[in-house]
Amino acid sequence: MINSANQPNFNLKKIDRFSLPDIKGRFGPYGGSFVPETLSNPLNELNEAYLAAKKDPNFKEKLSFLLQSFAGRPTELYYAERLSQEIGGAKIYLKREDLLHTGAHKINNALGQALLAIRMGKRRIIAETGAGQHGIATASVCAHFGLECVIYMGAEDMRRQALNVFRMRLSGAEVRGVETGSKTLKEAINEAMRDWVTNINDTHYILGSALGAHPYPGMVRDFHRVIGEETKNQFLKLQEKLPDEMIACVGGGSNAIGFFFDFLEEEDVRLIGVEAGGRSLEEGEHAARFEGGKLGVLQGCKTWILQNKDGQINQTHSVSAGLDYAAIGPEHAFYRDRNRIEYAHANDDDALNAFQLLSSKEGILPALETSHGLAYAFRRASELTSDKVVCVNLSGRGDKDAMEVARLLNKDRTFPRPL
Ligand SMILES: *Cc1c(COP(=O)(O)O)cnc(C)c1O
């Protein structure tokens with residue numbers, strides 16, 4: 001089931017998007033830095049270094065050169081004509097972040113933070129990964145710069161993503177399995193933080209989404225803003241107008257906020273983030289933080305979290321590992337309160353259908369994460385006329401998911417619906 005988003009009704013005139021986060025890392029009531037004292041020093045040091053780098057034209061120049069030569073930017077804006085005809089309604093455009101090196105948007109942030117680490121004189125990189133996409137991007141960037149790289153990954157995720165573990169090792173990273181708790185992403189983040197505290201002098205922690213304690217959410221957003229900047233220029237050049245609606249999937253929220261940021265003041269452009277509706281909206285069966293989540297603190301950040309009434313973090317489920325996390329980035333909560341970004345969810349089956357439809361109509365295999373955004377976009381497009389334009393951020397490619405999709409489709413032979 002896909003829920004329908006409300007019509008926008010917002011007043012951004014009073015908000016200066018560039019003033020967020022404030023100096024304490026807050027987006028209104030969200031964000032901030034809820035960490036033990038041992039972590040406040042490294043976070044402050046990182047914040048100072050980032051603020052200095054941001055003002056340094058040399059840093060910007062190096063980063064944009066690498067985004068082009070190593071990562072493959074700019075990415076194409078593609079009109080999915082056969083898909084649009086099949087759905088019948090608005091024209092669907094895809095921002096092709098799946099074409100980037102290592103297969104997803106994650107490399108934008110990994111490159112930015114690695115450059116920052118080098119500026120700070122840190123030659124050892126650590127990172128956490130769930131499905132492996134952020135680990136692969138980080139390992140690849142570290143190989144490029146010749147940095148030592150340690151990736152923390154839940155033992156359960158390592159088992160499920162054995163190929164990705166091998167890919168990271170081929171790029172020279174050490175992958176450390178985490179055996180505590182549910183042996184997935186949340187535990188891997190805890191372990192990475194522990195490592196950081198112990199090795200602070202030579203180590204930088206490359207966090208993989210617009211989440212965690214200040215300065216991560218704002219910094220990760222900034223490294224992904226290039227997605228929206230390019231999209232805007234491409235639309236103005238190609239069409240001489242902006243899209244009517246922009247849609248992206250939301251795990252921690254990095255691809256979505258990077259895609260949306262430059263459109264926040266464009267009142268005529270509707271912005272919609274799509275969460276993972278999982279098997280159902282029962283507790284433990286999904287990862288839609290705005291459906292059943294509450295305000296709380298997780299891993300350094302105040303935001304909407306899936307937790308039970310005693311504040312214990314709930315189990316989450318999604319067919320896509322990259323959306324399967326109990327907290328959402330704090331900036332999303334802020335713009336949701338102001339009705340500037342709307343949020344919807346798509347469930348596992350919607351995503352599997354969208355995966356197959358894009359693959360068969362366009363020969364483009366989307367990541368299962370991305371397929372959630374696509375599923376909702378197809379619904380929206382079918383409700384609009386052909387003079388309207390819907391643009392989806394194609395956050396990553398689906399090669400990594402092909403085996404899992406094959407397994408799921410085999411299990412239930414009545415599925416998928418015939419195309
Ligand atoms: C990691 C990932 C996501 C989810 O992360 P965000 O921070 O919400 O962008 C979405 N799509 C792909 C392809 C990913 O690899």
Side-chain angles (χ1 to χ4, degrees), residues 75 94-110 112-113 127-138 140 153 157 161 164 167 184-185 188-189 206-212 216-228 247-261 272-276 287-290 299 301 303-304 316 318-333 341 343 345-346 351 354-355 358 364-376 392-402 404:
T75 60
L94 306 173
K95 176 62 175 164
R96 298 287 311 271
E97 293 296 292
D98 62 311
L99 294 176
L100 288 175
H101 178 45
T102 67
H105 67 289
K106 297 235 165 49
I107 196 136
N108 301 326
N109 170 51
Q113 287 199 47
E128 85 296 340
T129 198
Q133 283 299 109
H134 176 55
I136 286 167
T138 302
S140 172
M153 192 168 182
D157 287 336
Q161 302 288 338
N164 283 345
R167 289 170 69 193
T184 57
L185 180 62
I189 297 178
I206 301 189
L207 202 140
S209 189
L211 269 172
Y216 284 106
M219 177 173 72
V220 175
R221 170 200 72 199
D222 288 346
F223 287 137
H224 286 300
R225 277 183 47 200
V226 62
I227 307 172
I247 298 179
C249 66
V250 186
S254 68
N255 88 85
I257 199 71
F259 187 50
F260 294 155
F261 193 77
I272 307 174
V274 184
E275 297 186 281
R289 288 65 45 103
F290 289 139
Q299 291 174 326
C301 172
T303 184
W304 282 67
T316 49
S318 169
V319 69
S320 63
L323 303 186
D324 198 354
Y325 185 66
I328 189 165
E331 193 163 7
H332 288 279
I341 307 177
Y343 293 85
H345 60 272
F355 179 98
L358 183 65
I364 297 171
L365 276 63
L368 278 174
E369 290 82 7
T370 316
S371 300
H372 288 73
L374 287 166
Y376 193 74
V392 185
N393 192 28
L394 209 71
S395 55
R397 69 181 81 132
D399 309 37
K400 68 181 176 66
D401 296 314
E404 180 66 5

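Start at 1 and go down the list; that is how both ligands and their atoms are numbered. All values below were derived from every heavy atom in this structure, side-chain atoms included, with hydrogens, water molecules and symmetry-related copies excluded.
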In terms of atom number and element, which parts of ligand 1 are under 4.0 angstrom from non-hydrogen atoms of Cys249?
10 (C), 11 (N)

To the nearest 0.5 Å, what is the distance between OG1 (Thr75) and CZ (Arg96)?
9.0 Å

side-chain hydrogen bond (donor to acceptor under 3.5 Å, both in side chains) between Gln299 and Tyr325: does it pass, once the steps are laid out?
CA-CA 12 Å; Gln299 291 174 326; Tyr325 185 66; 2.4 Å; yes

Quick look: Val250 vs ligand 1, heavy-atom contacts under 4.0 Å, and the answer is backbone

Polar proximity ligand 1 side, Lys400 side, N/O cut 3.5 Å exclusive
no

In the structure I gave you, are the side-chain heavy atoms of Leu374 and Leu394 within less than 4.5 Å of one another anywhere?
yes

In this structure, CD of Gln113 is separated from CG of Leu207 (nearest 0.5 Å) by 7.0 Å

Check: Thr370 and Asp98 side chains under 4.5 Å, non-hydrogen atoms:
no

Going by the atom numbers of ligand 1, which of them fall below 4.0 Å from some non-hydrogen atom of Gly251?
8 (O)

Go through it in stages, so that I can follow the logic: the residues are Thr184 and Asp157, the test is side-chain hydrogen bond (donor to acceptor under 3.5 Å, both in side chains), and I'd like the CA-CA distance, side-chain angles, deciding distance and then a yes or no.
CA-CA 6 Å; Thr184 57; Asp157 287 336; 4.9 Å; no

Under 4.0 Å from a heavy atom of Ser209: which atoms of ligand 1 are those, numbered in the order shown and with their elements?
6 (P), 7 (O)

N/O to N/O below 3.5 Å, does that happen between Gly252 and ligand 1?
yes

Under 4.0 Å between heavy atoms, the region of His105 that gets near ligand 1 turns out to be side chain

Where is the nearest protein heavy atom to atom 12 (C) of ligand 1: which residue, which atom, and how far?
Ser395 OG, 3.5 Å

Ala210: heavy atom below 4.0 Å from ligand 1, yes or no?
no

Hey, is the main chain of Ala327 close enough, under 3.5 Å, to the side chain of Arg289 for a donor-acceptor pair?
yes

Per-atom contacts, ligand 1 versus Gly396 - under 4.0 Å to a heavy atom:
13 (C)

Atom indices of ligand 1 within 4.0 angstrom of Gly253 heavy atoms, with elements
6 (P), 7 (O), 8 (O)

For ligand 1, note which part of Ala367 has a heavy atom under 4.0 Å away: side chain, backbone, both or neither.
side chain

Please identify which atoms of ligand 1 are closer than 4.0 Å to at least one heavy atom of Gly322.
4 (C)

Is the closest basic N to carboxylate O distance between Glu369 and Lys400 below 4.0 Å?
yes

NE2/His105 to CD1/Ile227 distance, rounded to the nearest 0.5 angstrom?
6.0 Å

Which atom names give the shortest non-hydrogen contact between Thr102 and Gln133, and what distance separates them?
O-NE2, 3.5 Å

Under 4.0 Å to a heavy atom of Gln133 - the qualifying atoms of ligand 1, by number:
15 (O)

Filtering His372, His224, Lys106, Glu369 for the heavy atom nearest atom 2 (C) of ligand 1 leaves Lys106

